[in-house]
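Have a look at the structure below before the remarks.
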Amino acid sequence: EVVQKVVGVNTYGPIHGCLAFVPKMKASGKPGLIVNTGSKQGITMPPGNLTYNMSKAALKAYTEGLEHELRKERAEFGGQLRAALLIPGWVNTSIVLKVEKDKAMAEGKSFD
């Protein structure tokens with residue numbers, strides 16, 4: 001359950017956003033930049049949070065692949081879109097704690 005939620009938010013959320021908006025951005029004919037928010041953990045893979053690390057590594061791979069496709073479109077067809085991965089400093093989103101709290105509450109247990 002935790003894996004599905006973390007990957008759903010960190011990987012599939014941005015991918016679905018790109019699938020929804022990139023075609024519309026292309027159709028506009030205007031320059032644009034798609035920015036996905038990655039994490040240093042998706043690059044360095046420190047121990048302790050495999051699911052999070054993997055979800056951000058997958059987003060990194062997707063964003064880099066998208067940029068390669070957009071670069072080809074820029075070269076061949078005059079496309080005007082770019083894609084980039086933003087790697088911010090450390091941010092405590094507490095996503096894992098929220099999942100654990102939701103699970104405990106669903107089971108009727110307390111969570112501190």
Side-chain angles (χ1 to χ4, degrees):
E1 181 179 321
V2 171
V3 172
Q4 292 173 334
K5 286 193 176 191
V6 172
V7 172
V9 169
N10 291 339
T11 308
Y12 289 118
I15 289 172
H16 289 301
C18 288
L19 293 174
F21 289 102
V22 169
K24 294 175 184 186
M25 293 172 75
K26 286 179 184 179
S28 78
K30 297 178 182 177
L33 176 64
I34 296 99
V35 180
N36 287 324
T37 303
S39 171
K40 182 179 174 187
Q41 286 182 246
I43 299 168
T44 61
M45 296 295 166
N49 201 342
L50 176 61
T51 301
Y52 179 83
N53 296 353
M54 179 274 306
S55 71
K56 290 299 188 171
L59 182 60
K60 175 184 179 287
Y62 177 84
T63 305
E64 288 177 355
L66 178 59
E67 171 56 21
H68 288 299
E69 290 181 8
L70 295 172
R71 183 181 303 142
K72 183 177 179 183
E73 289 183 18
R74 290 192 306 270
E76 294 178 4
F77 307 111
Q80 298 191 59
L81 296 182
R82 296 180 179 275
L85 187 69
L86 171 68
I87 306 294
W90 186 81
V91 176
N92 181 9
T93 63
S94 301
I95 189 170
V96 173
L97 287 176
K98 182 180 182 330
V99 170
E100 290 175 3
K101 179 181 177 184
D102 291 348
K103 182 179 178 185
M105 292 182 75
E107 295 172 354
K109 299 176 182 175
S110 65
F111 187 87
D112 293 323

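Since the model is a prediction, treat every value here as computed from it, not as a measurement.
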Mind listing the closest non-hydrogen atom pair of [X] and [Y] along with its distance?
X      : Y      : result
Pro31  : Leu81  : C-CD2, 4.3 Å
Ser55  : Val6   : OG-CG1, 3.8 Å
Ser110 : Ala104 : O-CB, 4.2 Å

Verify same cluster id: [X], [Y] (apolar side-chain graph, 4.5 Å):
X     : Y     : result
Val3  : Val9  : no
Leu85 : Ile15 : no
Leu86 : Ile34 : no

First locate atom [atom1] of [X], then atom [atom2] of [Y], and finally report the distance between them rounded to the nearest 0.5 Å.
X      : Y      : atom1 : atom2 : result
Lys5   : Thr51  : NZ    : OG1   : 13.5 Å
Met105 : Phe111 : CE    : CZ    : 10.0 Å
Gln80  : Arg82  : CD    : CZ    : 10.0 Å

[X] atom [atom1]: more than 12 heavy-atom contacts under 6.0 Å:
X     : atom1 : value
Glu73 : CD    : yes
Phe21 : CZ    : no
Met45 : CE    : yes

Any side-chain heavy-atom pair of [X] and [Y] under 4.5 Å:
X     : Y     : answer
Asn36 : Cys18 : yes
Pro46 : Asn53 : yes
Val22 : Lys26 : yes

**Prompt:** Do Ser39 and Asn10 pass the side chain to side chain contact (heavy atoms under 4.5 Å, CB included) test, and can you show the C-alpha distance, the side-chain angles, and the key distance before you say yes or no?
**Reply:** CA-CA 10 Å; Ser39 171; Asn10 291 339; over 6 Å; no
Evaluate side chain to side chain contact (heavy atoms under 4.5 Å, CB included) for Lys30 paired with Met25, printing each intermediate quantity in order. CA-CA 7 Å; Lys30 297 178 182 177; Met25 293 172 75; over 6 Å; no
Can you tell whether the side chains of Arg71 and Glu64 come within less than 4.0 Å, N to carboxylate O?
no
For Ile43 and Lys60, what are the C-alpha separation, side-chain angles and deciding distance, and is it a side chain to side chain contact (heavy atoms under 4.5 Å, CB included)?
CA-CA 8 Å; Ile43 299 168; Lys60 175 184 179 287; 3.7 Å; yes
Q | Lys72 side-chain N/O to Phe77 backbone N/O, donor-acceptor pair under 3.5 Å | A | no
*Report the C-alpha separation of Tyr62 and Thr11 in whole Å, then their side-chain angles, then the decisive distance to 0.1 Å, and conclude whether the side chain to side chain contact (heavy atoms under 4.5 Å, CB included) test is met.*
CA-CA 9 Å; Tyr62 177 84; Thr11 308; over 6 Å; no
